[in-house]
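In listed order, ligands and their atoms are each counted from 1.
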Amino acid sequence: MERRNHDRVGRTSASSGRRRGVASRVVTLGVLAVSAVLLLTACGPSGLKPYSTTSPASDGAEGINSLYKLVFWLALVVFIGVQFAIVYTALRFRRKKTPDQRPPQIHGNSRLEITWTILPAVVLLVILVPTITTLFDEHDALAESDLVIDVYGKQWWWEVQYGEDGAQGGQNLGVITANELVIPANRTVKIRLHSNNVIHSFWVPRLAGKLDVMPGHVNEMTIKTDKTGDYYGECAEFCGTQHAWMRFKIIVTDQDQFYGWVNGWREGNLIATQGDGTNLPEGVTRAPAKFNICLSCHTVNGAEGSVPPDQSNGAQLTGLEARANYGPNLTNIACRSTIAAGMLENNVDNMTLWLTDPHKVKPDNYMGDVIKPSTWASPDEAREMAEFLESLKPAGGCFNENVGAAAATPEATPGAVTGASPVASPATSPVASPAASPAAVVTKP
Ligand code: CUA
């Protein structure tokens, strides 16, 4: 009797212990689920999703996002259907209490087999039709493009070269810059992707699909958006140790600002690389002596042509003749928002850091093979160079701090712009924002 009681007490405490176990497991799972949901929603705080394909900001990205949503919801329906079928089958046909009784053995069920062949085929067809339509839309957009930009994947940065501009009568804009593409809103911009080294991938999630940048083949894509602003991009294909630091940015501006930026670049920076810095023409800056080291890999354009040699008071001016594009073109470098391909904010302190020891900031980059801490006689010398570089901006200020700068050159008309290539003819002729173009009717940010 006493023993039975003891048993009963034991059983009771065991079953209540099991209940407690189940309860605590449910609580743990609940907490995990709530945290997971919170964590996932934290990925996109207050609608700011700079790297999200689900916040499309261009026609192409809208198309891709619609496809994504279609595939997602279809996949969800299929997933729930399959899970339901698994759970139902497992419960309905689970082992009965009579262990010896085997379930009826079935071979072949035509109706079932036809169903599970046709259903996936229908699902695939529903996905296939809009996919092909989107592909053709993307392809058709290439034919509509009227501004060509060539982008070169380097290790590890992006060179950006502006080509023919339909709004300027097919003139080659000639702008060469790095890591920041300025494009006008409401224009279909064609981007041609090149590489002479390894395979990279050009991806601006909010504006376009991901496209490989490969040696020996030029891939093309278009971007058209009516939303001005900054859009962030990444290299999306492993391309070496600094692959993660191969970022870039697309800055969508209105048409006036875009041509203001183009003209600022064509105007260039007036720099003297020799002489004692006295008797310089107005607006010309004497570069620090060691700037010649920079010029063995980089270009700063503009001096040639804007200041004819006979007016340069004997100072040797650098310009388009110094076409070393081994490293990024440094024209108007002060107007760029970042340096080292999106790694550092562009300011004197960071530029000093970068110049002092590029390998410390970004290991393995090519500049670090040339520029070392021993390049500089003192930390002040590196800082002096940084301050000089941060002064390289157009006379009228940077395009993004001086909206409508293009209006300063009203005498130029699209037809008046001559010279197909700014390399052959010094880039001094400003281009005007084509007022007649329907694309000029854009909203300012
Ligand atoms: Cu270029 Cu990764």
For the residue pair Trp156 and Tyr366, categorise the inter-ring angle as parallel (less than 30°), tilted (30 to 60°) or perpendicular (more than 60°).
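Trp156 vs Tyr366 ring planes: parallel.
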What residue among Lys154, Met367, Arg336 forms side chain to side chain contact (heavy atoms under 4.5 Å, CB included) with Pro328?
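Checked Lys154, Met367, Arg336 against Pro328; only one passes side chain to side chain contact (heavy atoms under 4.5 Å, CB included): Arg336.
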Heavy-atom distance under 4.5 Å between the side chains of Ile176 and Thr299, does that happen here?
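No, too far: nothing below the 4.5 Å cut-off.
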Check: Tyr232 ring centroid to Phe248 ring centroid under 6.0 Å
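Aromatic pair excluded; centres sit 6.0 Å or further apart.
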Do the ring centers of Trp157 and Tyr152 come within less than 6.0 Å of each other?
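No, the ring centres sit 6.0 Å or more apart.
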So, using ring-ring contact (aromatic ring centres under 6.0 Å, His included) as the criterion, who are the partners of Tyr51 when residues are at least two apart?
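Partners of Tyr51 under the ring-ring contact (aromatic ring centres under 6.0 Å, His included) test: none.
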Show all protein N/O/S atoms under 2.8 Å from atom 2 (Cu) of ligand 1, or state that there are none.
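For atom 2 (Cu) of ligand 1, the protein N, O and S atoms that sit under 2.8 Å away are Cys235 SG, Glu237 O, Cys239 SG, His243 ND1.
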